[in-house]
Structures are given as structure tokens and as C-alpha cells.
Protein chains: 2
Amino acid sequence: MANDDPRPLTLRDVSEASGVSEMTVSRVLRNRGDVSQSTREKVLEAAKSLGYVPNKIAGALASQRVNLVAVIIPSLSNMVFPEVMTGISRVLEETDLQPVVGVTDYLPEKEERVLYEMLSWRPSGVIIAGLEHSDASRAMLKASGIPVVEIMDTDGTPVDCAVGISHRRAGREMAKAILKQGYEKIGFMGTKMPLDHRARKRFEGFTEALAKAGIEITDQEFYSGGSALAKGREMTEKMLEREPELDFLYYSNDMIAAGGLLYLLDNGIEIPGQVGLAGFNGVELLDGLPRKLATMDACRTEIGTKAAQIIAGRVDDPKAAFDPIIELTPTISYGDTLRRR
Amino acid sequence: MANDDPRPLTLRDVSEASGVSEMTVSRVLRNRGDVSQSTREKVLEAAKSLGYVPNKIAGALASQRVNLVAVIIPSLSNMVFPEVMTGISRVLEETDLQPVVGVTDYLPEKEERVLYEMLSWRPSGVIIAGLEHSDASRAMLKASGIPVVEIMDTDGTPVDCAVGISHRRAGREMAKAILKQGYEKIGFMGTKMPLDHRARKRFEGFTEALAKAGIEITDQEFYSGGSALAKGREMTEKMLEREPELDFLYYSNDMIAAGGLLYLLDNGIEIPGQVGLAGFNGVELLDGLPRKLATMDACRTEIGTKAAQIIAGRVDDPKAAFDPIIELTPTISYGDTLRRR
DNA sequence: CTGAAAGCGCTAACAC
DNA sequence: GTGTTAGCGCTTTCAG
């Protein structure tokens with residue numbers, strides 16, 4: 001029954017055990033071509049009882065086909081990429097493609113290494129976060145000759161094609177919504193991440209829209225590492241000590257915004273009358289806070305879904321047409337922390 | 001410079017471009033064997049300018065070696081597995097092994113599929129969550145002939161070896177700590193997941209230790225889906241309506257415990273005097289809550305680290321000895337919600 | 001230090 | 001419906 005010999009089983013073993021040629025065994029195992037019911041049963045029986053697991057390495061080399069899609073993302077620890085993965089998996093499960101995840105920790109050199117490593121397995125497509133990559137990475141992607149979808153961001157020029165939102169616009173829209181509610185003394189808090197281009201673009205869009213209204217950010221603060229909830233609390237405290245006049249706090253993600261919210265509530269500050277708040281991402285995780293946080297969803301699942309569909313479609317038909325850039329539209333939810341009565 | 005021909009580059013292309021035999025090119029690219037400085041440079045130059053990326057499929061088939069470690073986990077969405085991954089990656093980065101992640105969504109059939117798929121790439125080792133697997137999965141793991149580490153749990157019999165904590169004991173220890181503080185009317189809230197064996201074992205250990213002290217759980221409630229924070233809040237509200245006499249709430253994870261905490265605070269219930277709380281996991285994410293939640297860390301990063309070390313060690317030396325079960329010891333942190341004054 | 005030959009386990013393409 | 005042959009792109013092994 002089990003395999004005692006350390007040598008892994010091969011098609012040949014199944015062939016011998018079933019008295020059918022290797023080729024026919026292969027056909028049965030892949031459901032390819034016509035095979036008589038009787039031999040099919042013999043083969044499946046033999047394969048099962050031996051515990052045969054096909055060797056995809058050999059199969060891929062022979063067929064020049066690899067059903068893998070490389071998915072390259074900066075991190076698994078925040079809520080955003082798991083949701084993108086969910087979208088991707090949902091679509092790919094309907095196909096014979098399989099996602100393989102690589103994580104870059106927001107480091108361009110690591111991205112390069114991971115990409116090289118993944119491309120060397122000759123995947124059928126690449127889904128990669130962001131539009132900013134090293135020259136070498138872009139060159140590899142171009143030279144690979146496979147479909148590449150850059151996700152999350154549309155502010156830039158994709159190597160092949162992109163699905164995402166405009167983070168500049170997201171920042172602008174939030175600024176406009178805040179101004180419209182009559183807030184004027186605005187503070188910003190975010191990650192100290194020169195390499196998080198999307199956070200940077202949101203910040204840029206935000207200040208740009210404020211500037212257009214003749215307003216400058218009153219104060220700003222950046223953090224790195226640690227528990228986001230705790231950091232949001234600390235930064236908010238510090239900032240309000242420095243600038244008690246602030247009437248709005250814009251956070252670059254929902255987690256630190258939640259920390260800020262808890263701080264304000266603890267200190268009896270009236271929300272959103274005295275101070276308003278908003279975050280970014282729309283993480284469901286945070287439903288259940290004492291107040292519903294204003295935020296902007298980043299269309300994460302949809303980005304994953306669309307990206308996977310593009311890959312699947314183009315693997316299916318390499319000459320099919322496709323949009324070079326698909327820009328999704330995030331929506332603001334006002335919650336209880338942005339709308340002044 | 002770039003590759004216009006859709007055909008991917010091969011060693012032969014580099015060989016021709018550099019005027020060196022394929023074999024020597026291969027040696028240079030893998031840093032194997034002695035190659036003169038001058039030919040080495042010629043080769044690297046040629047490979048780089050062509051944008052050559054080696055084909056690992058062919059390499060793996062020829063060398064019968066695949067530097068991949070299959071990591072099979074139920075989910076990426078909660079905080080627990082990303083931390084395990086961190087531990088694994090940290091160790092494997094020091095070696096030439098690479099983790100490849102598969103997700104099962106807590107479904108045994110999906111686990112079986114994912115495992116089959118991964119084993120068909122002939123990885124050098126498997127790290128898989130839990131000790132409960134279908135017969136077919138166990139058979140595959142055994143037959144694979146590669147090192148297998150089952151992680152998270154030690155209450156059971158591993159196929160090969162295991163690293164984790166005893167969730168039964170964890171439940172018992174928490175029960176003892178709660179009783180020691182004088183709490184007596186205890187409610188339990190958790191996930192409605194017959195397939196989350198570790199949550200189940202904690203629950204069993206918990207009730208068992210209470211029983212030994214002659215106490216039964218006063219009330220219990222299970223949820224599925226939705227935002228854990230919100231669910232914790234809702235369940236807590238319902239339970240306290242049903243059983244206003246409750247003096248302690250034990251939650252099967254920190255996220256719902258946090259929701260419960262926020263509910264109690266909102267309703268002016270005194271913690272931990274009137275009602276105490278505890279969760280499970282020790283998620284750093286939650287630092288920053290108004291009170292520090294009592295919890296028990298699950299040694300997640302350490303589990304990842306140890307598991308990866310075992311794989312790396314056994315890949316290095318297949319006949320090295322190893323412990324079949326490594327049980328780590330979780331520690332209770334009392335925070336502000338368990339210690340009665 | 002470098003090269004030539006053989007073959008890893010499978011599948012495409014073609015017989016029968 | 002089934003079998004045969006010839007590789008896929010690399011590395012192992014062995015000669016020089």
C-alpha cells in the first residue's frame with residue numbers, strides 16, 4: 001500500500017502495476033484523449049493503491065506549461081493583501097491555475113530576488129503589487145513574455161497592464177470631503193515608509209487638494225513598527241498636545257485611526273463635532289468599534305478578482321485584447337466620525 | 001538587450017553568446033566547481049545582457065532537487081498564520097530553501113487537494129498546520145518520504161514530527177487561573193467551527209478543568225463569519241442579557257474578546273471586578289485597547305522558527321535524529337482584565 | 001579548469 | 001483506443 005522505497009513513484013511504476021503503457025496511464029491521469037472505461041479503471045486503481053503523486057516538474061518540462069501564477073505582494077500582516085488574495089483565489093479556483101505567493105516586505109531588492117526566483121519557475125502569469133519596481137525587475141517582467149498585472153495602484157505606467165485605484169485621487173477626494181464638512185485645522189498621521197508609494201501618493205493628493213482650497217496641514221506625524229492601534233493612540237495624544245486647536249485627524253490607515261478614535265473617546269473629546277477622523281482601507285475587522293470610523297475602501301477583493309480574470313483570460317487566449325489600465329473607484333464611507341451635524 | 005522572441009532564453013543562448021560550453025555556463029551560474037575568472041566574467045556578462053533567467057523546472061528535474069518547502073495553513077486572514085510565516089521565512093532565508101504557501105480554509109478536502117498539488121512539485125519538506133488530516137492526506141505525507149512537520153498542536157500523533165502547544169492544556173491553565181481569582185459564573189464564546197480542532201481542544205480542556213473544580217460553564221455562544229470585533233460585542237450583549245450574573249467571559253480568540261471588552265466599557269461594567277475577561281493568542285495588534293486584555297500567547301513565531309529549523313536540518317542531513325514532538329509552553333498574560341484586586 | 005554524453009519523468013506528435 | 005519515439009532544459013558523471 002504505502003511506499004517504503006524512498007524513491008518516489010513514477011508513471012512507469014503505475015504502468016507496470018496496471019499493465020498499461022506509460023502513455024495511456026498519463027492520459028488517464030490527466031483526463032486527456034479517449035481511454036476505454038476498463039483500462040481507465042485499472043489505471044486509477046493502480047495509481048491509488050500505490051499512492052502515486054504525479055511529478056509536475058517533469059510534466060511541466062515536457063509540456064512547456066506551468067499552471068502557476070506568481071503573486072508578489074509587500075506583506076501579509078496587514079488586512080489588505082489577504083483580501084486581495086481572496087479575490088485572486090476565488091477566480092483561479094475556477095481555472096486550473098494556482099496562485100503562488102511571494103512577499104517582498106516593501107524592499108525593492110527583495111522584490112527583485114523574489115521575482116527572479118518565481119520567474120525561474122516559468123509561471124503562466126504574474127500579479128505584482130505596485131507600479132514602482134527596480135529597472136532590473138521591470139526588465140525581467142518585460143522579458144518574461146507572460147501576462148503581468150500590476151495591482152493596487154494606477155498612478156503610473158504599467159509594464160503590461162494594471163488594476164487598482166488612484167491613490168492620489170483617493171487622497172484628494174478625502175480632503176474635499178473633509179473640507180466640505182467645514183473642518184479647517186487638519187492633522188495627518190501615517191507610516192514612516194518612504195517605500196510605501198501608495199501611502200505617499202495618498203498623502204500627496206491630500207495636501208494638494210487642501211492647498212487648492214488655500215489650506216495647509218496643521219501638523220503631521222509618522223511612525224514605524226509596533227502595534228498600529230497603540231501607535232495611533234500615542235500619536236494622537238502627542239499631536240493634540242502640540243496642537244489643541246486641531247479639528248480633524250486624517251490617518252493613512254484604519255488601524256491607527258482606530259487607535260486615535262479610542263484615545264479621543266477615552267478623553268471625552270466630542271466626535272465628530274469637536275474633532276473628526278478618517279482612515280483608509282475599509283477594513284471590516286474594525287466594525288464593532290464604539291463609533292463607525294470614516295474611511296475609504298480600497299476595492300481590495302475586486303482588484304484581486306479583476307487581476308486574476310485578466311491573467312486567466314490571457315492565458316486562455318494570448319492574443320486577446322485587454323485594457324492597459326483598469327481604474328476602480330473607491331467610495332468614502334462617512335461613518336460616525338466625518339459628518340458634522 | 002530585451003528578449004523580443006517569445007521563446008524564453010536557455011543556457012544554450014548564453015553559451016553561444018559567450019562562446020563557452022553550456023556546462024561551464026551552468027557552473028558559473030550556480031557557483032559550482034572551479035571556473036577561471038575570465039570565463040566567469042564572460043558568462044555573467046552574457047547572461048546579464050541577454051536577461052537570462054534560469055529554468056528551475058529543468059534544473060530540478062535534472063538534479064532531483066527542489067529547494068521548496070510546502071507550508072499548508074488554514075487561513076491568512078487572522079493574525080495567527082502570518083506570524084508563523086514570519087518565523088518560517090526568517091529561518092529559511094538563511095538557507096537556500098523557499099517557502100510556498102497553500103491555504104485550506106479549514107476544509108479537509110481542500111487540504112487534500114492543496115497537499116496533492118504541492119507534493120506533485122516534489123518539495124524538500126512540508127510544514128502543515130494541525131494533526132487532524134484525512135486518511136488520504138496522511139498517506140500522501142507518509143509516502144512522500146520527505147520531512148513533515150505538523151505545527152500548532154501537540155495533542156495527537158504526528159505523521160512524522162510536530163511543533164506546537166497543547167491546546168487542551170492551554171484551556172485547562174486558563175480555567176485554573178480564572179478560578180484562582182475567585183470567578184465562578186463563567187461564560188464561553190467562540191467560533192462555530194467544528195473543523196477548528198485547536199479551538200475545540202481549548203474548549204474541552206477548559207470545561208474539563210472547571211469540572212474538576214465542580215464548576216460548569218454557565219452559558220456559551222458560538223458565531224461564524226462577519227467581523228470578529230462586532231461579533232464579540234453582540235455575543236457579549238446577548239449573553240449578559242441572558243445571564244446577568246456572569247462574572248467571567250472566556251473568548252476563544254482575542255479579537256472577539258476585544259469586542260466584548262469594548263461592550264463592557266461602553267456599558268459601564270467594572271472590569272475586572274464585576275466581570276473579568278480573557279482571550280487567546282496574544283495578538284500584538286490589540287495593544288492600544290483601553291484595557292490590556294488577559295490572554296495566552298500561542299508561541300506563533302517560535303513555532304514557525306522551530307518548524308523551519310527542523311526541515312532545514314533534516315534536508316541538510318536526512319539521517320539526523322529529531323524529536324517527534326516539541327511542545328512549547330504558552331504563558332498567560334493577566335493584563336487588566338483577569339486579576340481581581 | 002573545461003567539455004561531451006546520458007538521462008531526470010513526463011508529454012507532444014505521430015503511428016497503428 | 002493504445003503504443004512508440006523523441007525530446008523539454010538542465011545537471012550528473014566522467015573524460016580530458
Side-chain angles (χ1 to χ4, degrees), chain A residues 3 5-44 46-47 50 52-67 96 117 119-124 144-145, chain B residues 3 5-44 46-47 50 52-67 96 117 119-124 144-145:
Chain A
N3 172 26
D5 186 338
R7 174 184 62 81
L9 295 161
T10 70
L11 262 192
R12 169 175 223 113
D13 295 305
V14 182
S15 164
E16 281 168 3
S18 61
V20 178
S21 78
E22 284 186 44
M23 197 52 233
T24 300
V25 172
S26 166
R27 282 196 268 255
V28 171
L29 264 24
R30 289 176 299 144
N31 296 312
R32 280 280 151 69
D34 293 331
V35 181
S36 76
Q37 189 57 31
S38 66
T39 51
R40 151 168 273 108
E41 274 163 19
K42 257 190 300 187
V43 168
L44 288 176
L50 289 172
Y52 172 70
V53 176
N55 184 331
K56 288 224 177 185
I57 307 222
L61 184 60
S63 66
Q64 305 280 55
R65 248 198 313 274
V66 180
N67 66 338
D96 65 343
E117 196 69 28
L119 287 179
S120 72
W121 287 102
R122 301 285 187 267
S124 296
S144 72
Chain B
N3 172 25
D5 186 339
R7 174 184 62 81
L9 296 161
T10 69
L11 262 190
R12 168 175 224 113
D13 295 304
V14 182
S15 164
E16 282 168 2
S18 61
V20 176
S21 78
E22 283 185 44
M23 198 48 238
T24 301
V25 172
S26 167
R27 282 197 267 257
V28 171
L29 264 24
R30 289 176 299 142
N31 296 312
R32 280 281 154 75
D34 292 332
V35 180
S36 75
Q37 189 56 33
S38 65
T39 52
R40 152 168 272 109
E41 275 162 19
K42 256 191 299 189
V43 168
L44 288 176
L50 290 171
Y52 173 70
V53 176
N55 184 332
K56 288 224 176 185
I57 307 222
L61 184 61
S63 65
Q64 306 280 62
R65 247 198 310 275
V66 181
N67 66 338
D96 66 344
E117 195 70 29
L119 287 179
S120 72
W121 288 101
R122 299 287 186 267
S124 297
S144 72

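We name chains A, B, ... by the order of the sequence lines, and we start the count at 1 in each one.
One can place CZ of B:Arg32 at 7 Å from P of D:dT12, the figure rounded to the nearest angstrom. Rounded to a whole Å, the CD atom of A:Glu22 is 14 Å from the C1' atom of D:dG7. Rounded to an integer number of Å, the gap from A:Ile57 CD1 to D:dT11 C1' is 13 Å. D:dT11 atom C1' lies 16 Å from atom CZ of B:Arg12, rounded to whole Å. Per the geometry, CG belonging to B:Leu9 stands 15 Å off C1' belonging to D:dC10, to the nearest Å. Here the P atom of nucleotide D:dA6 and the CD atom of A:Gln64 are 19 Å apart, to the nearest Å. Rounded to a whole Å, the CZ atom of B:Arg30 is 11 Å from the P atom of D:dC10.
Both B:Ala62 and B:Ser21 lie near DNA chain C, and the one whose nearest nucleotide falls closer to the 5' end is B:Ser21. Two residues, B:Arg40 and B:Ala58, neighbour DNA chain C, and the one matched to the more 5' nucleotide by heavy-atom proximity is B:Arg40.
Contacts of A:Arg65 with the nucleic acid, taken as non-hydrogen atoms under 4.0 Å apart, involve only primed sugar atoms and P, OP1 or OP2. Nucleic acid contact for B:Asn55: sugar-phosphate only, since backbone atoms but no base atoms lie under 4.0 Å from a heavy atom of the residue.
Below the 3.5 angstrom threshold, one finds no donor paired with an acceptor across the side chain of A:Arg122 and the base of D:dG9.
Inter-residue side-chain proximity for A:Asn55 and A:Thr10 is flagged as unmet; no heavy-atom pair is nearer than 4.5 Å. No side-chain heavy atom of A:Val25 sits under 4.5 Å from any side-chain heavy atom of A:Tyr52.
With B:Ser18 contributing its side chain and B:Val14 its backbone, the two residues share a donor-acceptor pair below 3.5 Å. Of the possible donor and acceptor atoms, one in the side chain of B:Ser124 sits under 3.5 Å from a partner among the backbone N and O of B:Val66.
Among the nucleotides D:dT12, D:dG7, D:dC10, the one closest to any side-chain atom of B:Leu11 is D:dC10. Nearest to the side-chain atoms of A:Arg27 among the listed nucleotides D:dG9, D:dT12, D:dT2 stands D:dT2. For A:Ser36, the side-chain atoms get nearest to D:dT2 when compared with the rest of D:dT2, D:dT12, D:dG9.
Nucleotides of DNA chain C that come within less than 4.0 Å of any heavy atom of chain B span, from the 5' end to the 3' end, C:dC1 to C:dG9.
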Should A:Leu50 and A:Glu16 be marked as a side-chain contact (heavy atoms from CB on, under 4.5 Å) after you check the CA-CA gap, both sets of side-chain angles, and the distance that decides it?
CA-CA 11 Å; A:Leu50 289 172; A:Glu16 281 168 3; over 6 Å; no
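Between A:Leu119 and B:Val53, the closest heavy-atom pair is C-CG1, 4.1 Å.
Residues in residues 28-42 of chain A take part in no salt bridge (Lys or Arg N to Asp or Glu O under 4.0 Å) pair, two or more places apart or across chains.
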